[in-house]
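Let me begin by presenting the structure, written as structure tokens, before commenting on it.
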Amino acid sequence: MILMYLFETYLDLRQHAALKLPTLPKTLEGVISQEKFEKSRAYSLDKSHFHFLHEFVTILIDSAILFFGILPWFWKKSGTFLPLLGLNEENEILHTLSFLAGVMIWSQITDLPFSLYSTFVIEARHGFNKQTIWLFFRDLIKGICLAIVLGPPIVSAIIVIVQNGGPYLAIYLWAFMFVLSLVMMTIYPVLIAPLFNKFTPLPEGELRLKIEKLASSLKFPLKKLFVVDGSTRSSHSNAYMYGFFKNKRIVLYDTLIQQCKNDEEIVAVIAHELGHWKLNHTMYSFIAVQADAFAKKLGYGSALRAGLVKLQEENLSAMNTDPWYSAYHYSHPPLVERLAAIDAADKKEE
């Protein structure tokens, strides 16, 4: 654990040095305004400083918990709590649930100051936070309630499998977790996500027609097209798709619609995401540029370029990135690499 912390801190230091660079990468000169660059640099450095502190405190707490044997001690204490409720402390399921409840309370208490500071200081300082303190704690309480509802049956099932699995324990556990993941992926967008955000169908109009036409041309089984009210919590923007087999959905953040200059930029971003689906991608960090190339072949090259730049600017994403850090952490290559790949394809065509 400590070795991982040291390795990731080394990468963080490399990234911090890149963030401190006072000039834009050459690829972004004339593309990103100096004002946006300065704002992005300040935001990224603020997050980097906070990340160093958070990770240092976390490794200290986790190391102390292991070194002083806090977990075995708390396991015994959580068992003595059950008789006070008239429950059998010898019942492994009840004992485990009592233990995990205490761990959840501890993690919520220790992480709360960092969540509050990140949301209401850093995000607010740079104009991203849109939620009130009431909405923050309402989401927190909803998350705890979900854990209370969903956690016990899942934990109980795992314990029963461990107790009775015998030599086929690994297979039974794998099968259970596989089915559970499918169930959760099915119920999350229908039952859980709406508890936190409002999902409304994208209104009829040019944007909807263009997205539906694109999906149809690729034989993407689009069933529903939503707009999510991300602006109630943050001005960051995004888009994503999900669903199984013939029941696919696309979700656009309302902030994405507000920030992009025209429909083509939004459709180009969707074309990139559909490229991942069409090309059967899973590890985006190594093949995201292929999805960009896919969108470009569909005729969205210039719009995708403009859309990527707009997202980078509006989200104040890091302009200068360390290659080791981005390879390890990023799900997609940095903007510089993606624009360079698009430009290289243009030159090759010429």
Measure up the [X] and [Y] rings against each other and bin them: parallel (under 30°), tilted (30 to 60°), perpendicular (over 60°).
X: F199; Y: F226; answer: perpendicular
X: F50; Y: H54; answer: tilted
X: Y43; Y: F128; answer: tilted
X: F99; Y: F74; answer: tilted

Would N320 and F37 satisfy side-chain contact (heavy atoms from CB on, under 4.5 Å), going step by step from the backbone distance to the final call? CA-CA 10 Å; N320 290 300; F37 170 64; 3.6 Å; yes
Apart from F120 itself, what residues make up its hydrophobic cluster, given side-chain heavy atom links below 4.5 Å? M104, L112, L116, I133, F136, F137, L140, I144, I148
Can you check whether [Y]'s main-chain N or O pairs, donor with acceptor, with [X]'s side chain at less than 3.5 Å?
X: T80; Y: K77; answer: yes
X: R338; Y: V289; answer: no
X: T186; Y: L182; answer: yes
X: Q312; Y: A318; answer: yes
X: R233; Y: F196; answer: yes
X: D229; Y: K198; answer: yes
X: H49; Y: L45; answer: yes
X: S216; Y: E212; answer: no
X: S107; Y: V103; answer: yes

Stepwise, does the ring pair (Phe, Tyr, Trp, His ring centres under 6.0 Å) test hold for H16 with F52? CA-CA 10 Å; H16 192 79; F52 281 121; 5.6 Å; yes
[X] vs [Y] side-chain heavy atoms within contact, under 4.5 Å:
X: S156; Y: L97; result: yes
X: V160; Y: I93; result: yes
X: R208; Y: V227; result: no
X: T321; Y: Q15; result: yes
X: K130; Y: E123; result: no
X: I61; Y: W106; result: yes
X: V31; Y: L24; result: no
X: L256; Y: N238; result: no

Taking every non-hydrogen atom, the tightest pair across [X] and [Y]:
X: G165; Y: Y172; answer: O-CE1, 3.5 Å
X: P189; Y: A193; answer: CA-CB, 4.1 Å
X: A268; Y: A295; answer: O-CB, 4.2 Å
X: A303; Y: E264; answer: CB-O, 3.6 Å
X: R41; Y: P22; answer: NE-CA, 4.0 Å
X: L298; Y: A271; answer: CD1-CB, 4.4 Å

For L66 and M1: C-alpha separation, side-chain torsions, deciding distance, then whether side-chain contact (heavy atoms from CB on, under 4.5 Å) applies. CA-CA 11 Å; L66 292 176; M1 187 174 69; 3.7 Å; yes
Quick one: [atom1] on [X] to [atom2] on [Y], what's the gap to the nearest 0.5 Å?
X: S317; Y: L311; atom1: OG; atom2: CG; value: 8.0 Å
X: I250; Y: F220; atom1: CD1; atom2: CZ; value: 4.5 Å
X: Y253; Y: Q258; atom1: OH; atom2: CD; value: 13.5 Å
X: I122; Y: H51; atom1: CD1; atom2: NE2; value: 11.5 Å
X: Y300; Y: F294; atom1: OH; atom2: CZ; value: 10.5 Å
X: D254; Y: S237; atom1: CG; atom2: OG; value: 9.5 Å

One pair to check against side-chain contact (heavy atoms from CB on, under 4.5 Å): L169 and V162. What are the steps and the verdict? CA-CA 6 Å; L169 168 64; V162 171; 4.1 Å; yes
Within 6.0 Å of [atom1] in [X], more than 12 heavy atoms from elsewhere:
X: F56; atom1: CZ; value: no
X: L85; atom1: CG; value: yes
X: K297; atom1: NZ; value: no

For side-chain contact (heavy atoms from CB on, under 4.5 Å), just list the numbers for L146 and L195, CA-CA rounded to whole Å, side-chain angles, deciding distance to a tenth of an Å, and then say yes or no. CA-CA 10 Å; L146 278 173; L195 295 176; 4.1 Å; yes
With hydrophobic residues grouped by side-chain heavy-atom distances under 4.5 Å, do [X] and [Y] end up in a single group?
X: M185; Y: F178; value: yes
X: V57; Y: F67; value: yes
X: V149; Y: L100; value: no
X: L71; Y: I109; value: no
X: L6; Y: Y325; value: no

Could you verify whether a donor N or O on one side chain and an acceptor N or O on the other, from E8 and H329, lie under 3.5 Å apart? no
Side chains of S115 and D111, donor plus acceptor under 3.5 Å: yes
salt_bridge(K39, E313) N-O dist < 4.0 Å: no
